[in-house]
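Below is one structure, written out as structure tokens; the observations come after it.
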Protein chains: 2
Amino acid sequence: MDNSRITQIRSFNRAVTRRIGALEESYLSRGRPLGEARLLFEIGPEGAALGALRSKLGLDSGYLSRILRSLEAQGLVSVDKLDGDARSRYATLTDKGRVEHAAYDALSDELANSILEPLSETGRDRLVAAMADVERLLGAASITLDEEPADSAEARQCLARYFDELAQRFEEGFDQGKGNTTTEDEFIPPRGTFVIARLDGIPVGCAALRMMDATTAEIKRMWVSPSARGLGVASRMLRRLEAIARDFGAETVCLDTNRALKEAQSLYRREGYTEIERFNDNPYADHWFSKRL
Amino acid sequence: MDNSRITQIRSFNRAVTRRIGALEESYLSRGRPLGEARLLFEIGPEGAALGALRSKLGLDSGYLSRILRSLEAQGLVSVDKLDGDARSRYATLTDKGRVEHAAYDALSDELANSILEPLSETGRDRLVAAMADVERLLGAASITLDEEPADSAEARQCLARYFDELAQRFEEGFDQGKGNTTTEDEFIPPRGTFVIARLDGIPVGCAALRMMDATTAEIKRMWVSPSARGLGVASRMLRRLEAIARDFGAETVCLDTNRALKEAQSLYRREGYTEIERFNDNPYADHWFSKRL
DNA sequence: CGTATTACCTGACTAAAGTCAGGTAATGGA
DNA sequence: TCCATTACCTGACTTTAGTCAGGTAATACG
């Protein structure tokens, strides 16, 4: 463990908890229990499916039902059948509910403003920038990596977005039939593996590994969603795959890349890969790298 | 209001609330209500006076009493008379209580560590630095300024620390009798005023204003505690005093300062003061400034 | 010295938050 | 077609959190 950093994080938690408490208190000022206020807020002007509300707020189905009945009784919300599945229901704000929602919204704005207000112009800039950093990095910290079959629905989804991006970025375009010298079933243990990176459960990146021979692994399909770039996801996936390759008995990892993917090349160099001679006939590859494990 | 900044603050709040929620859940994992856990934690290895606990956690006296009885029943805490005032009582952890406390402490550490762990070394550095910034600036945002009598206990305390600092920093030392051309009763409305800056209720700075004649105000006793420097407290106090001076009918504000107080001089210049000729015979003054309101 | 105040305790209460075991209607799949 | 599953609802319940009105002993103050 890393003591001074942990101390800083804990002290940050305490400082921020107080602010959050202030927000909750201001929410209570409208004379409604926090649970109802939160639900009203979460339904929002667009409305929301009950299932979505339940999972987002982590509510028991019976409990949600009861709070909704109370909001309905107050004339703030109406719950109707959703066309499609007649079991599902959809909550919408009434006009009165929209007014209440706007009031809660204003309270949040006010609190945020009360934080900015006493600060100087430069203080405000620094605070907002630091908050953005914290948020970004907390997000990065909650990205998880999971090994899973390369033919799962989400894996396919990642791969589709990966190939889309190749088609956009390669000067020469990208034809999947021509470029794919490898089939997805090579990414299944023990011949290889497939890793998906997720942020709050939704996929934001993937990477694949296959054993070329007993002591050589190849990394392919390395992709990070634009929304998650700059958070170190790629290097985490790379290291994870290297560790797995080691377990598979690999002594060397190699990979190829297109000249258009500059940031990938600098990532590989940063992670200790060195450029080598062409080792395959991938028509889209311009650079070949390898690293001894 | 400042829209994009407010949006950033609100989004930060949401992101951080989730983390805090995770901490509270981990606290619940020890099978004890959050209220008891918090109290146990707050008592700490050193123990704590009941009054201090009540004010720190914002608990009703009856409620506190009940939670303490429950912790006593679990054998975690003992409450004894404090020597001195036989009405006050003091809570201490038993050996078993200390073990529990350490367990909660470990949970907090674990959560902090789980945030750091997935990040790269530079990511960790950036996160911790950004958290420190946010914490600092949130602190700055909660500094309040109050006008109050210059002879209150806390005002005297500020002034004592101010004079101490002068004695330390002036090359020629500082003798209060010689330096004080002004008495504290000149800082009472409508002849003048006295402002105290507080962070969480404790004084961290002061500044005084007195009217020299009907249209000229003088600023004196400008001091910021070392712990609160760099947060813009001085310029906030300065602006507040200028606004009050305006209300008093002042058209010009002037002040003097010693050559050793470099940061004060640059503050005055930054705030629009220009250096003028000597206007008093303060033996410790080396520079004189004024500003038209 | 008597009285007001303080520091804490007790008992009686309420509201909010959440859990659990069924129950109903719609839907999907064999 | 039948049966398991899903999406939601209802009623009965518990725990947690918190408030309020007294009450007691110690202390401060005029």
Side-chain angles (χ1 to χ4, degrees), chain A residues 17 20-21 23-43 47-74 76-92 104, chain B residues 17 20-21 23-43 47-74 76-92 104:
Chain A
T17 303
I20 308 261
L23 181 64
E24 301 201 330
E25 258 182 53
S26 83
Y27 263 47
L28 285 174
S29 74
R30 296 197 67 74
R32 192 171 285 115
L34 217 54
E36 287 186 12
R38 266 199 279 258
L39 184 58
L40 184 68
F41 191 85
E42 202 59 55
I43 291 171
L50 299 203
L53 291 173
R54 223 177 308 124
S55 70
K56 189 146 192 185
L57 296 173
L59 298 174
D60 169 270
S61 125
Y63 189 26
L64 172 68
S65 197
R66 215 176 315 281
I67 303 180
L68 277 173
R69 288 307 83 72
S70 161
L71 290 174
E72 274 183 324
Q74 294 171 58
L76 300 169
V77 163
S78 76
V79 182
D80 309 285
K81 288 229 176 308
L82 188 72
D83 34 30
D85 189 330
R87 288 167 305 179
S88 315
R89 307 226 293 152
Y90 197 86
T92 333
Y104 282 114
Chain B
T17 303
I20 306 270
L23 180 63
E24 301 201 330
E25 259 182 52
S26 83
Y27 263 46
L28 285 173
S29 75
R30 297 197 67 74
R32 191 169 286 117
L34 218 53
E36 287 185 12
R38 266 199 279 258
L39 184 58
L40 185 68
F41 191 83
E42 202 59 54
I43 292 171
L50 299 202
L53 291 172
R54 223 178 308 125
S55 70
K56 189 147 194 186
L57 296 172
L59 297 174
D60 171 90
S61 123
Y63 190 25
L64 172 67
S65 197
R66 214 176 317 282
I67 303 179
L68 278 173
R69 289 304 85 72
S70 160
L71 290 175
E72 274 183 323
Q74 293 171 58
L76 301 169
V77 164
S78 76
V79 182
D80 309 285
K81 289 230 175 310
L82 188 71
D83 34 31
D85 189 331
R87 290 168 303 179
S88 316
R89 307 227 290 153
Y90 197 86
T92 332
Y104 283 114

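Residue numbers begin at 1 in each chain, while the letters A, B, ... track the order of the sequences. What you see is a predicted model; the values in this text were computed from it and never measured.
Here A/G35 lies in heavy-atom contact (under 4.0 Å) with sugar-phosphate atoms only. Residue-level contact check: A/S88 touches the backbone only, with heavy atoms under 4.0 Å from sugar-phosphate atoms and none from bases. Nucleic acid contact for B/L64: none, since no nucleic acid atom lies under 4.0 Å from a heavy atom of the residue. In this structure, A/G62 reaches the bases: a heavy-atom distance under 4.0 Å links it to at least one base atom across the strands shown.
Residues B/V79 and A/S61 each lie close to DNA chain C; by heavy-atom proximity, the contact nearer the 5' end of the strand is made by B/V79. Comparing A/D60 and A/R87, the nucleotide of DNA chain D nearest to each residue sits closer to the 5' end for A/R87.
Across every non-hydrogen atom of B/A48 and B/E42, the tightest pair is CB-O, 4.5 Å.
Within the 3.5 Å criterion, the main-chain N or O of A/R38 finds no donor-acceptor partner in the side chain of A/Y27. The main-chain N or O of B/G62 is never found under 3.5 Å from a side-chain atom of B/S65 such that the two would form a donor-acceptor pair.
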Report task. I would like to know whether B/L64 and B/L39 meet side chain to side chain contact (heavy atoms under 4.5 Å, CB included); could you show each step before the answer? Result -> CA-CA 9 Å; B/L64 172 67; B/L39 184 58; 3.8 Å; yes

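The phosphate of D/dT10 (OP1 or OP2) has a side-chain N or O of A/R69 nearer than 4.0 angstrom.
For A/R66 and C/dG18, a side-chain-to-base donor-acceptor distance below 3.5 Å is absent, hydrogens and geometry of angles not being considered.
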